Chemist: 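The following block contains the structure, expressed as structure tokens.
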Amino acid sequence: MTFRLSAASLAKLEGVDTNLASVVKRAIQITLVDFSVIEGLRTVEQQRILVAKGASQTMDSKHITGNAVDLMAYVDGRASWELNLYDDIALAMKYAATELKVKIRWGAAWNVPDLTKWNGTMEGAMNYYIDSKRKVNQRPFIDAPHFELA
């Protein structure tokens, strides 16, 4: 099945780095899981609010510079936060980024500096991140919908 971005998703890519926007547009063509763009460019004030609510951990967000996007998975037309769906979206993003020669980082595998260089599964990339945090007694911050330029 081939999916496509809605007008609303395309509008949310406005102001996003053209390379990253191209990766998202290519990923929707090859993904196994439908997705939409739920956030692209953010203002400093929007970021401040998200940090205050705990939805983001930094004021140094790549969303402020247009170098990040958040994607939402859909199954049968309904939004879903099921983590395994984001593994599939991450794989499509990896393939698209590799094809377009764009380095990306995934919010569920923060310590993988360039997802296009990861040789394992996306679940493996996430588990690698989780394990690295647990080894130093830190709680991992899994942001599976998030993709940014590396």
Side-chain angles (χ1 to χ4, degrees), residues 1-100 102-118 121-130 133 139-150:
M1 170 146 218
T2 302
F3 301 105
R4 64 180 186 77
L5 294 175
S6 67
S9 286
L10 292 170
K12 288 177 182 170
L13 287 176
E14 290 178 20
V16 170
D17 178 271
T18 56
N19 289 320
L20 182 56
S22 293
V23 169
V24 173
K25 291 173 183 177
R26 178 63 182 130
I28 195 67
Q29 296 171 342
I30 59 176
T31 185
L32 298 176
V33 174
D34 192 14
F35 66 81
S36 68
V37 179
I38 56 172
E39 189 133 38
L41 186 63
R42 279 185 201 147
T43 66
V44 172
E45 184 55 31
Q46 288 169 316
Q47 187 64 28
R48 193 172 285 119
I49 291 167
L50 290 170
V51 169
K53 291 192 314 190
S56 181
Q57 293 191 329
T58 181
M59 281 304 298
D60 192 27
S61 172
K62 289 193 176 188
H63 282 283
I64 295 170
T65 57
N67 292 324
V69 294
D70 291 337
L71 307 176
M72 168 64 75
Y74 285 86
V75 176
D76 298 325
R78 300 186 105 168
S80 177
W81 293 107
E82 288 182 51
L83 208 46
N84 64 309
L85 299 174
Y86 292 87
D87 290 343
D88 289 338
I89 292 170
L91 187 60
M93 288 290 287
K94 173 189 172 172
Y95 288 156
T98 300
E99 181 181 307
L100 298 172
V102 177
K103 295 178 181 179
I104 62 167
R105 179 174 288 127
W106 180 33
W110 290 109
N111 62 345
V112 176
D114 178 4
L115 199 59
T116 68
K117 304 291 186 215
W118 179 259
T121 65
M122 297 302 99
E123 180 182 14
M126 181 171 43
N127 287 334
Y128 174 71
Y129 166 66
I130 292 168
K133 286 299 205 178
R139 185 179 191 158
F141 180 70
I142 304 295
D143 190 2
H146 180 91
F147 296 88
E148 63 182 38
L149 292 177

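Since this is a predicted model, take the numbers as computed values, not measurements.
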Chemist: Could you give the side-chain donor-acceptor pairs of residues 4-21 under 3.5 Å, partners two or more places apart or in another chain?
Modeler:
{"unit_1": "Ser6", "atom_1": "OG", "unit_2": "Ala8", "atom_2": "N", "d": "3.4"}
{"unit_1": "Ser6", "atom_1": "OG", "unit_2": "Ser9", "atom_2": "N", "d": "3.1"}
{"unit_1": "Ser6", "atom_1": "OG", "unit_2": "Ser9", "atom_2": "OG", "d": "3.4"}
{"unit_1": "Ser9", "atom_1": "OG", "unit_2": "Val37", "atom_2": "N", "d": "2.9"}
{"unit_1": "Asp17", "atom_1": "OD1", "unit_2": "Asn19", "atom_2": "N", "d": "2.8"}
{"unit_1": "Asp17", "atom_1": "OD1", "unit_2": "Leu20", "atom_2": "N", "d": "3.2"}

Chemist: Phe147 and Ile89: side-chain contact (heavy atoms from CB on, under 4.5 Å), yes or no, with the steps?
Modeler: CA-CA 10 Å; Phe147 296 88; Ile89 292 170; 4.1 Å; yes

Chemist: I'd like to check the side chain to side chain contact (heavy atoms under 4.5 Å, CB included) partners of Leu83; sequence neighbours left out, ordered by chain and number.
Modeler: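 Per chain and number, Leu83 pairs via side chain to side chain contact (heavy atoms under 4.5 Å, CB included) with Met126, Ile142, Ala144.
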
Chemist: Grab the two heavy atoms, one from Ile28 and one from Thr31, that are nearest each other, plus how far apart they are.
Modeler: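 Closest heavy-atom pair between Ile28 and Thr31: O-CG2, 3.5 Å.
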
Chemist: Does the ring centre of Trp106 sit less than 6.0 Å away from the ring centre of Tyr86?
Modeler: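 Here the rings of Trp106 and Tyr86 have centres that are no less than 6.0 Å from each other.
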
Chemist: Using the side chain to side chain contact (heavy atoms under 4.5 Å, CB included) criterion, which residues pair with Tyr95? Sequence neighbours excluded.
Modeler: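 Tyr95 satisfies side chain to side chain contact (heavy atoms under 4.5 Å, CB included) with Ile30, Leu91 once adjacent residues are dropped.
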
Chemist: Considering non-hydrogen atoms only, spot the tightest contact between Arg42 and Asp70 and give its length.
Modeler: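 Shortest heavy-atom separation between Arg42 and Asp70 comes out as NH2-OD2, 3.1 Å.
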
Chemist: ring-ring contact (aromatic ring centres under 6.0 Å, His included): which pairs involve residues 60-80, sequence neighbours left out?
Modeler: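 Only His63-His146 qualify under ring-ring contact (aromatic ring centres under 6.0 Å, His included).
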
Chemist: Counting N and O atoms only, with roles assigned by atom type, does the side chain of Lys94 sit under 3.5 Å from a partner on the main chain of Trp118, one being a donor and the other an acceptor?
Modeler: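 Yes; judged by distance alone, with no hydrogens or angles, the pair exists.
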
Chemist: How long is the span from the CD1 atom in Ile38 to the CE atom in Met72, to the nearest 0.5 Å?
Modeler: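 Between atom CD1 of Ile38 and atom CE of Met72 there are 4.5 Å.
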
Chemist: List for me each residue that meets side chain to side chain contact (heavy atoms under 4.5 Å, CB included) alongside Leu41, sequence neighbours excluded, and say none if there are none.
Modeler: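 With neighbours one apart ignored, the set is empty.
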
Chemist: Could you list the residues that satisfy side chain to side chain donor-acceptor pair (under 3.5 Å) with Thr116, not counting sequence neighbours?
Modeler: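 For Thr116, the residues satisfying side chain to side chain donor-acceptor pair (under 3.5 Å) (neighbours in sequence not counted) are Asp114.
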
Chemist: Table please: side-chain donor-acceptor pairs of residues 49-60 below 3.5 Å, with sequence neighbours left out.
Modeler:
{"unit_1": "Ser56", "atom_1": "OG", "unit_2": "Gln47", "atom_2": "NE2", "d": "2.7"}
{"unit_1": "Thr58", "atom_1": "OG1", "unit_2": "Asp60", "atom_2": "N", "d": "2.8"}

Chemist: For Thr43, check side chain to side chain donor-acceptor pair (under 3.5 Å) against everything at least two apart and list the hits.
Modeler: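 Here the qualifying residues are Gln46.
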
Chemist: List the residues meeting side chain to side chain contact (heavy atoms under 4.5 Å, CB included) with Ala27, not counting sequence neighbours, and say none if there are none.
Modeler: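 Here the qualifying residues are Phe35, Ala92, Met93, Ala96.
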
Chemist: Show your reasoning for whether side-chain contact (heavy atoms from CB on, under 4.5 Å) applies to Leu100 and Arg26.
Modeler: CA-CA 9 Å; Leu100 298 172; Arg26 178 63 182 130; 4.0 Å; yes

Chemist: Quick one: side chain to side chain donor-acceptor pair (under 3.5 Å) partners of Thr121, sequence neighbours excluded?
Modeler: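 Side chain to side chain donor-acceptor pair (under 3.5 Å) check on Thr121 returns nothing, list empty.
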
Chemist: Residues in side chain to side chain donor-acceptor pair (under 3.5 Å) with Asn127, at least two apart?
Modeler: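 Asn127 satisfies side chain to side chain donor-acceptor pair (under 3.5 Å) with no other residue.
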
Chemist: Please list, chain by chain and in numerical order, all residues satisfying salt bridge (charged side-chain N to carboxylate O under 4.0 Å, His left out) with Asp143, sequence neighbours excluded.
Modeler: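 Partners of Asp143 by the salt bridge (charged side-chain N to carboxylate O under 4.0 Å, His left out) criterion come out as none, since no residue qualifies.
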
Chemist: How far apart are the C-alpha atoms of Met122 and Leu115, what are their side-chain angles, what is the distance that settles it, and do they pass the side-chain contact (heavy atoms from CB on, under 4.5 Å) test?
Modeler: CA-CA 9 Å; Met122 297 302 99; Leu115 199 59; 3.9 Å; yes

Chemist: Short question: side chain of Lys62, backbone of Leu149 - any donor-acceptor pair under 3.5 Å?
Modeler: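 Yes, the answer is positive, given that a donor and an acceptor are paired below the 3.5 Å cut-off.
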
Chemist: Considering only heavy atoms from C-beta outward, does the side chain of Asp34 approach that of Val75 to under 4.5 Å?
Modeler: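 Asp34 does not reach Val75 side chain to side chain.
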
Chemist: Ignoring hydrogens and geometry, is there a side-chain-to-backbone donor-acceptor pair from Trp110 to Tyr129 under 3.5 Å?
Modeler: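 The answer is no, because no donor-acceptor pair under 3.5 Å joins these two groups.
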
